[in-house]
Amino acid sequence: MASKERIQRLKEETRVKILEASLDIVKEEGWQSLSMRKIADKIEYTAPIIYEYFANKDDILSVLTRQGFIKLAREMDEASKAYSAPAAQLEAMWLAYWNFAFANKELYQVMYGVEMNCCVFENSCPDIQGPSNLFWDKITELVPEENRTEEYICTKYYTFWSVMHGLISINMTRQTRQASDEINKQVLKDALSGIINSMK
């Protein structure tokens with residue numbers, strides 16, 4: 001029994017090594033440079049062993065994407081717990097989203113298709129929908145009951161997301177940032193407070 005557990009633990013450790021090596025390669029060379037051969041070289045295994053754990057590169061990208069969404073949802077949830085007022089919670093969640101994007105640039109790129117194709121998942125996948133659901137629920141809580149229609153909430157959600165993702169993408173895809181961090185943060189705060197106030 002102990003032997004089976006040890007084998008399972010070693011398999012899981014190897015799987016984690018493959019994922020970590022993949023992210024390391026991407027940080028050094030970009031997503032376009034990632035290949036099964038490079039991953040194998042990085043962890044000093046043969047390529048066929050990598051295929052025992054992942055069917056192909058897209059399989060690795062899918063797992064990393066799912067992990068990214070889980071991590072993002074956790075960080076958003078933690079940020080919201082620092083406040084009691086729903087408006088402050090929503091703002092904190094969007095700021096956590098911003099911070100996640102730049103602290104985990106490579107994950108964000110694969111999650112949302114910035115400078116690359118993102119993975120395609122079923123809409124019902126709970127891990128992928130986690131951040132969206134957190135935002136949706138908090139927006140619903142803030143919207144006055146007379147406006148609480150799916151269309152209205154959807155419009156507000158996409159207004160928030162368009163501003164946030166747009167600003168993140170602008171900063172990620174430019175070789176040099178045109179605006180300082182202070183200016184970006186001020187733009188964000190102005191946009192977030194403007195959208196939040198429009199819901200009251």
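- By the 30° and 60° cut-offs, the orientation of the rings of Y108 relative to Y112 is tilted.
- Look at E29 and K38 and you find a salt bridge, because one of the NZ, NE, NH1 or NH2 atoms lies within 4.0 Å of a carboxylate O, short of that distance.
- Partners of D137 according to the side-chain contact (heavy atoms from CB on, under 4.5 Å) rule, which considers only residues two or more places apart in sequence or in another chain, do not exist here.
- Under the side-chain hydrogen bond (donor to acceptor under 3.5 Å, both in side chains) criterion, W136 pairs with no residue at all, not counting sequence neighbours.
- In this structure, the side chain of N104 engages the main chain of F100 through a donor-acceptor pair within 3.5 Å.
- At most 12 non-hydrogen atoms from other residues, nucleotides or ligands lie less than 6.0 angstrom from CD of E151.
- Q186 meets the side-chain hydrogen bond (donor to acceptor under 3.5 Å, both in side chains) test with D190; sequence neighbours excluded.
- Residues R9 and E13 form a side-chain contact, since some pair of their non-hydrogen atoms from C-beta on lies under 4.5 Å apart.
- The CD atom of Q109 sits 9.5 Å away from atom OG of S169, with the distance rounded to the nearest 0.5 Å.
- For residues 39-50, every residue pair satisfying the side-chain hydrogen bond (donor to acceptor under 3.5 Å, both in side chains) rule, not counting sequence neighbours, is listed here: E28-K42.
- Using a 4.5 Å heavy-atom cutoff, the side chains of I60 and Y53 are not in contact.
- No continuous path of ILVMFWY side-chain contacts below 4.5 Å connects V16 to V63, so the two sit in separate hydrophobic clusters.
- Taking the side chain as every heavy atom from C-beta outward, F69 and P131 approach each other to under 4.5 Å.
- Judged purely by atom type and a 3.5 angstrom limit, N56 uses its side chain to pair as donor or acceptor with the backbone of D59.
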Could you give me the CA-CA distance, side-chain angles and deciding distance for I50 and I43, then say whether side chain to side chain contact (heavy atoms under 4.5 Å, CB included) is met? CA-CA 10 Å; I50 308 298; I43 62 173; 3.6 Å; yes
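- Distance check: E106 CD to M111 CE gives 12.5 Å after rounding to the nearest 0.5 Å.
- Among pairs with a residue in residues 79-96, those fulfilling side-chain hydrogen bond (donor to acceptor under 3.5 Å, both in side chains) read D77-K81, Q89-K138, E91-K189, at least two apart in sequence or across chains.
- Atom CH2 of residue W161 and atom CD1 of residue I168 lie 9.5 Å apart, to the nearest 0.5 angstrom.
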With side chain to side chain contact (heavy atoms under 4.5 Å, CB included) as the test, would you mind laying out the steps for Q67 and L64 before giving the verdict? CA-CA 5 Å; Q67 288 180 349; L64 288 172; 3.9 Å; yes
From CA spacing to verdict: side chain to side chain contact (heavy atoms under 4.5 Å, CB included), L90, M199: CA-CA 12 Å; L90 183 58; M199 295 191 297; 4.0 Å; yes
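- How far CG of L61 is from CG of L107: 10.5 Å, rounded to the nearest 0.5 Å.
- Formation of a donor-acceptor pair under 3.5 Å by the W31 side chain with backbone atoms of V26 is not found in this model.
- Heavy-atom minimum distance, A73 versus G130: CB-C, 4.2 Å.
- For E146, the CD atom is densely surrounded, since the number of other residues' heavy atoms within 6.0 Å is greater than 12.
- For S198, the side-chain hydrogen bond (donor to acceptor under 3.5 Å, both in side chains) partners are K156, not counting sequence neighbours.
- Under a hydrophobic clustering in which Ile, Leu, Val, Met, Phe, Trp and Tyr are joined whenever their side-chain heavy atoms come within less than 4.5 Å, directly or via other members, I70 and I18 fall into different clusters.
- Taking 4.5 Å as the limit, some side-chain heavy atom of K185 sits within range of a side-chain heavy atom of W98.
- Under the 4.5 Å side-chain heavy-atom criterion for ILVMFWY residues, no single connected hydrophobic cluster contains both I170 and L95.
- Few gaps surround CZ on R148; more than 12 heavy atoms of other groups in view lie less than 6.0 Å from it.
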